[in-house]
Amino acid sequence: MSGEGKVVCVTGGSGYIASWLVNFLLQKGYTVKATVRNPSDPRKTDHLLALDGAKERLHLFKADLLGEGSFDSAIYGCEGVFHAASPVLFSATDPQAELIDPAVKGTLNVLKSCKKVQFIKRVVITSSMATVLYGRKPLTPDVVVDKTWQSDPAVCKEMKLWYMLAKTFAEEAAWNFAEENAIDLVTIHPAYVIGPLLQPTLNFSVEMILNLVNGAQTYPNTYYSSTDVRDVAEAHIRAFEIPAACGRYCLVANVSHFSEVLKIVHEHFPSLHLPAKCDDNHPFLPQHKTSKEKARILGINFIPLEATLKDTIESLKEKGFLSI
C-alpha cells in the first residue's frame, strides 16, 4: 500500500521506535507530522530532518504529553495517528509524576485530539509486553503467552514495577476511551526493542545491551525477550494499513537466556570482553513462549536475533558508544 497523498501523525517522533517509524513512512510516500518536545534541539531533530523525503514531507510540531490540546495542530488533517511518545524508565523516585501521569494523561490527550478529527481512520499505539506478562498466571517453558494475557496492576505494585504499571494503566485508559468514542484502535506490544539506532542518543533497551558487552562483570540469570526495532516500526504501519487489523498484537521475536545472547555476541565480536559469571540478583523472567500468530497476520516474519544483535553492536560502534 502506497502512502502517497496520505497524512499521518507520529507522536514522540525523535524516539527510538518512532524515528524508524517516521523513516519507513517517508519511504512509503506518506506525509508525516511528527511531534517532539523541543523542535529546536538538534539532537532530537537533525536525524529526522536528514531522512530521505523529510525535506518534502516531514513536518515537526512541538507537543507536551501533559498538555491537553497540545497535539491538536499535529493531528488535524491526519487520517492515521501513531502514538509512540511515552517515558521509558525502570526506576523512579516519583513513579506517579515520572511515569504514570505522562503515560496515562499523554495517551488520553492524544486520543482527545483524535476525537476532534472526524476523518481519522485508525490510531495505533505503541504499548509493550509490560502490559501482558506481569499477572498471576505462572510463566513456564510450556506456556504460550498471547494477546489475551493482561498484566495485573496489583502485581506491578507489589513488585514495584512502575514502568509496567504505567503502561498497563495507559493501555486500559486507551481502550476505554476508544470504546466510548468509537475510535478504531490497535495496540502493538513489543518486547525489549533492539537493533540499529537512528537517533544520536542512547535509549534504555539498547543501553542494556551496551552495558552487557562493555565491561560488565556478570550477566543476569534470566530470560530476555526481544524484537528488532525495524520489525516493530513495520508492524505499526501494517496495523494501520491492513483494514482487518484489530486489537492487541504481541511482538516478540525471541525469548533467550542472557547466556545465549552473549554466545551470539562472542561469535561475531570475539574481541569484546564479555561477562562470564551469572548473577542471580536480578528480577527473574522465566522461560516461556509468545505466540507469533497475530504478528504473522500483519506479515511480520521477524529478523533473527543473531542479525539484530550484530546490527545493534555495529550501530553502537558507529555512533561512538562502543570501541571494538
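Owing to the predicted nature of the structure, the values given are computational and were not obtained by experimental measurement.
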| field | Approximate separation, where rounding is to 0.5 Å, of D46 CG and L51 CG | value | 11.0 Å

| How many angstroms lie between atom SG of C114 and atom CG of D184, to the nearest 0.5 angstrom? | 11.5 Å

| task | Mind checking the CG-CG spacing from D228 to L251? Nearest 0.5 Å is all I need. | result | 10.0 Å

| said: Is there a path of hydrophobic side-chain contacts, each under 4.5 Å between heavy atoms, that joins F302 and V232? | reply: yes

| note | Scanning both residues in full, the closest heavy-atom pair of K310 with F269 reads O-CZ, 3.9 Å

| query | Do E98 and T93 touch side chain to side chain, with heavy atoms closer than 4.5 Å? | reply | yes

Side-chain donor-acceptor pairs of residues 141-156 under 3.5 Å, sequence neighbours excluded:
| residue | atom | partner | partner atom | Å |
| --- | --- | --- | --- | --- |
| D146 | OD1 | T148 | N | 2.9 |
| D146 | OD1 | T148 | OG1 | 2.5 |
| S151 | OG | A130 | O | 2.7 |
| S151 | OG | T131 | O | 3.4 |
| S151 | OG | V132 | N | 3.1 |
| S151 | OG | L133 | N | 3.4 |
| S151 | OG | Y134 | N | 3.0 |
| D152 | OD1 | A154 | N | 2.8 |

| query | Which heavy atom of L48 sits nearest a heavy atom of K44, and at what distance? | reply | CD1-O, 3.8 Å

| Are M159 and Y163 co-members of a hydrophobic cluster defined by side-chain heavy atoms under 4.5 Å apart? | yes

| request: Applying side chain to side chain contact (heavy atoms under 4.5 Å, CB included), run through E241 and K28 and close with a yes or a no. | output: CA-CA 11 Å; E241 291 182 343; K28 291 172 185 284; 4.2 Å; yes

List, one per line, each side-chain donor-acceptor pair under 3.5 Å for residues 195-208, sequence neighbours excluded.
| residue | atom | partner | partner atom | Å |
| --- | --- | --- | --- | --- |
| Q199 | NE2 | T201 | O | 3.0 |
| Q199 | NE2 | N203 | OD1 | 3.4 |
| N203 | ND2 | S205 | OG | 2.9 |
| S205 | OG | V193 | O | 2.5 |

| query | Do other residues, nucleotides or ligands put more than 12 heavy atoms under 6.0 Å from K319 NZ? | reply | yes

| When you look at E4 and R57, which way does the salt bridge (charged side-chain N to carboxylate O under 4.0 Å, His left out) test go after all the steps? | CA-CA 10 Å; E4 191 174 344; R57 289 178 283 107; over 6 Å; no

| field | Test of ring centre spacing under 6.0 Å for W20 and F24 | value | yes

| task | Could you check if a side-chain atom of Y76 sits within less than 4.5 angstrom of a side-chain atom of K116, using non-hydrogen atoms only? | result | no

| query | Considering residues, nucleotides and ligands other than K121, do more than 12 of their heavy atoms fall under 6.0 Å from its NZ? | reply | no

| query | Which heavy atom in A239 sits nearest to a heavy atom in A245, and how many Å separate them? | reply | O-CB, 3.5 Å

| message | Are there over 12 heavy-atom neighbours, none belonging to K115, within less than 6.0 Å of that residue's NZ? | response | no

| Shortest non-hydrogen contact from C78 toward K33 | SG-CD, 3.7 Å

| query | Distance-only, no hydrogens or angles: does the K167 side chain make a donor-acceptor pair with backbone N or O of A103 under 3.5 Å? | reply | no

| request: Would you check if S127 and R248 make a side-chain contact, meaning some heavy-atom pair closer than 4.5 Å? | output: no

| field | Single hit among T11, L25, V110, T126 for side chain to side chain contact (heavy atoms under 4.5 Å, CB included) with F82 | value | L25

| query | How long is the span from the CG atom in L99 to the CZ atom in F169, to the nearest 0.5 Å? | reply | 12.0 Å

| Flag, side chain of N214 to backbone of L210, donor-acceptor distance under 3.5 Å | no

| request: Would you mind reporting whether H268 and L309 have side-chain heavy atoms less than 4.5 Å apart? | output: no

| Single-linkage hydrophobic cluster I125~I297, side-chain heavy atoms < 4.5 angstrom | no

| said: With a 3.5 Å distance limit and no angle check, can you tell me whether S14 reaches the backbone of V36 through a side-chain donor-acceptor pair? | reply: no

| message | When you measure from the side chain of Q217 to the backbone of G215, do you find a donor-acceptor pair of N or O atoms at a distance under 3.5 Å? | response | yes

| Shared ILVMFWY cluster between V265 and L322, side chains joined below 4.5 angstrom? | yes

| request: Classify the ring geometry between H83 and F71 as parallel (under 30°), tilted (30 to 60°) or perpendicular (over 60°). | output: perpendicular

| said: Looking at D94, I'd like to know if its CG atom is crowded, meaning that more than 12 non-hydrogen atoms belonging to other residues, nucleotides or ligands lie closer than 6.0 Å. | reply: yes

| said: Let me confirm one number: the NE2-OG1 distance from H59 to T31, rounded to the nearest 0.5 Å. | reply: 5.5 Å

| query | Under a 4.5 Å cut-off applied to non-hydrogen side-chain atoms, are T290 and M129 in contact? | reply | yes

| Evaluation steps, side chain to side chain contact (heavy atoms under 4.5 Å, CB included), between T308 and S226 | CA-CA 9 Å; T308 300; S226 64; over 6 Å; no

| Worked check of side chain to side chain contact (heavy atoms under 4.5 Å, CB included) between I188 and I17 | CA-CA 12 Å; I188 305 292; I17 295 170; over 6 Å; no

| Aromatic ring pairing Y192/Y224, orientation class (parallel under 30°, perpendicular over 60°, tilted between) | parallel

| How many angstroms lie between atom CG of D101 and atom CD of Q96, to the nearest 0.5 angstrom? | 4.5 Å

| field | Which atom of A191 lies closest to which atom of V252, heavy atoms considered | value | CB-CG2, 3.9 Å

| message | Looking only at side-chain N and O atoms, does E179 offer a donor or acceptor that is under 3.5 Å from a partner on W175? | response | no

| request: Determine whether more than 12 heavy atoms belonging to other residues, nucleotides or ligands lie under 6.0 Å from atom NE2 of H266. | output: no

| said: So for atom CG, which belongs to N181, do other residues, nucleotides or ligands contribute more than 12 heavy atoms lying within a distance under 6.0 Å? | reply: yes

| query | Under 6.0 Å from the CD atom of E293, do we count more than 12 heavy atoms belonging to anything else shown? | reply | no

| query | Checking side chain to side chain contact (heavy atoms under 4.5 Å, CB included) for the pair V123/L185: CA distance, chi angles, key distance, verdict? | reply | CA-CA 5 Å; V123 179; L185 177 67; 4.1 Å; yes

| message | If the threshold is 4.0 Å, N to carboxylate O, is there a salt bridge linking E158 and R136? | response | yes

| said: Within the 4.5 Å heavy-atom criterion, are N254 and E260 side-chain neighbours or not? | reply: no

| said: Between D311 and I303, is there a side-chain heavy-atom distance shorter than 4.5 Å? | reply: no

| Do other residues, nucleotides or ligands put more than 12 heavy atoms under 6.0 Å from the NZ atom of K137? | yes

| query | Would you say Y30's side chain and Q27's backbone share a donor-acceptor pair under 3.5 angstrom? | reply | no

| said: Please determine whether residues L66 and F61 belong to a single hydrophobic cluster, defined as Ile, Leu, Val, Met, Phe, Trp and Tyr linked transitively by side-chain heavy-atom distances below 4.5 Å. | reply: no

| request: Please tell me if the side chains of H189 and E171 come closer than 4.5 Å, counting only heavy atoms from C-beta onward. | output: yes

| message | Taking R37's backbone N and O only, do any of them form a donor-acceptor pair with K62's side chain (distance below 3.5 Å, no angle check)? | response | yes

| Nearest non-hydrogen partners of G13 and A34, listed with the distance | CA-CB, 4.2 Å

